[in-house]
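Contents: one structure, followed by commentary.
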Amino acid sequence: MRHEPVPLTRQLGMYRRRGHTVLEFRGEIDIVAATEIGPHLDRVTGRTGARVMIDLRPVEFFDCSGLRLLYRARARVLERGGQLHLVCTHPLTLRVFRVTGLARLLPPLPSLDAALDRSEAASGSL
């Protein structure tokens, strides 16, 4: 079952699914979008033990500003003992992740269910 994301900005929606906060990025993720998304992302990733999914499937364009958001989110979640998973299927964005090394640090998964299953397996709740 898919929930309609609560819009936080034009490029960011949020909802809860199976105990996780799902942040759905959409449209063009550039420097302007990153400036708007950053405070919301910091609020979610600043919680101790946060379980966060970032869903990039609705993204049409993703530049280095988006990469900075993901690196920062990953660092903040790991510092606080949480989990962060990434969902992405866009071939050009996946290529950027491979070239920059982000794919090794935050392996993109093809679906939200795959990310949720991985999270539950890692936490021992399967």
Taking the basic N atoms (NZ, or NE/NH1/NH2) and the acidic carboxylate oxygens, is any pair closer than 4.0 Å for Asp55 and Arg17?
no
Got a salt bridge between Arg118 and Asp113, using NZ or NE/NH1/NH2 to carboxylate O under 4.0 Å?
no
Same hydrophobic cluster for Leu86 and Phe25, using side-chain heavy-atom links shorter than 4.5 Å among ILVMFWY?
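Yes, Leu86 connects to Phe25 through the hydrophobic network.
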Shared ILVMFWY cluster between Met14 and Val52, side chains joined below 4.5 angstrom?
yes
To the nearest 0.5 Å, how far apart are [atom1] in [X] and [atom2] in [Y]?
X      : Y      : atom1 : atom2 : value
Glu28  : Arg10  : CD    : CZ    : 8.5 Å
Arg74  : Leu105 : CZ    : CG    : 4.5 Å
Ile31  : Glu36  : CD1   : CD    : 12.0 Å
Ile54  : Leu84  : CD1   : CG    : 4.5 Å
Ser111 : Asp117 : OG    : CG    : 7.5 Å

Is there a side-chain contact between [X] and [Y], using heavy atoms and a 4.5 Å cut-off?
X      : Y      : result
Leu56  : Val87  : no
Asp63  : Ile29  : no
Val22  : Leu112 : yes
Pro110 : Arg57  : no
Arg26  : Pro5   : yes
Met53  : Leu23  : no

Looking only at atom types and distance, does a side-chain atom of [X] sit under 3.5 Å from a main-chain N or O of [Y], one as donor and one as acceptor?
X      : Y      : answer
Arg51  : Gln83  : no
His90  : Leu92  : yes
Arg80  : Ala50  : no
Ser119 : Ala115 : no

Tell me, please, which residues at least two apart from Arg98 pass side chain to side chain donor-acceptor pair (under 3.5 Å).
none
Results of side chain to side chain donor-acceptor pair (under 3.5 Å) for Thr9 - residues two or more places apart only:
none
Return each pair, listed once, that meets ring pair (Phe, Tyr, Trp, His ring centres under 6.0 Å) where at least one residue sits in residues 33-82; pairs must be two or more places apart or across chains.
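Checked against ring pair (Phe, Tyr, Trp, His ring centres under 6.0 Å) - neighbours excluded - the pairs reaching residues 33-82 are Phe62-Phe97.
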Checking Arg72 against Asp42 for the side chain to side chain contact (heavy atoms under 4.5 Å, CB included) test, could you report, in this order, the C-alpha distance in whole Å, the side-chain angles of both residues, the deciding distance, and whether it holds?
CA-CA 8 Å; Arg72 178 174 169 79; Asp42 282 353; 2.9 Å; yes
Do you know which two heavy atoms are closest between Ala73 and Thr45, and how far apart they sit?
CB-CG2, 3.9 Å
Between Leu116 and His20, does the side chain to side chain contact (heavy atoms under 4.5 Å, CB included) criterion hold? Intermediate values first, please.
CA-CA 8 Å; Leu116 290 164; His20 294 76; 3.3 Å; yes
Evaluate the criterion side chain to side chain contact (heavy atoms under 4.5 Å, CB included) for residue pair Thr100 and Leu67; output intermediate values, then yes/no.
CA-CA 9 Å; Thr100 62; Leu67 285 174; 3.8 Å; yes
Do Thr21 and Arg16 get their side chains close enough for a donor-acceptor pair, meaning under 3.5 Å?
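Yes, Arg16 and Thr21 have a side-chain donor paired with an acceptor closer than 3.5 Å.
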Working for side chain to side chain contact (heavy atoms under 4.5 Å, CB included), residues Leu94 and Cys88
CA-CA 7 Å; Leu94 290 169; Cys88 182; 3.9 Å; yes
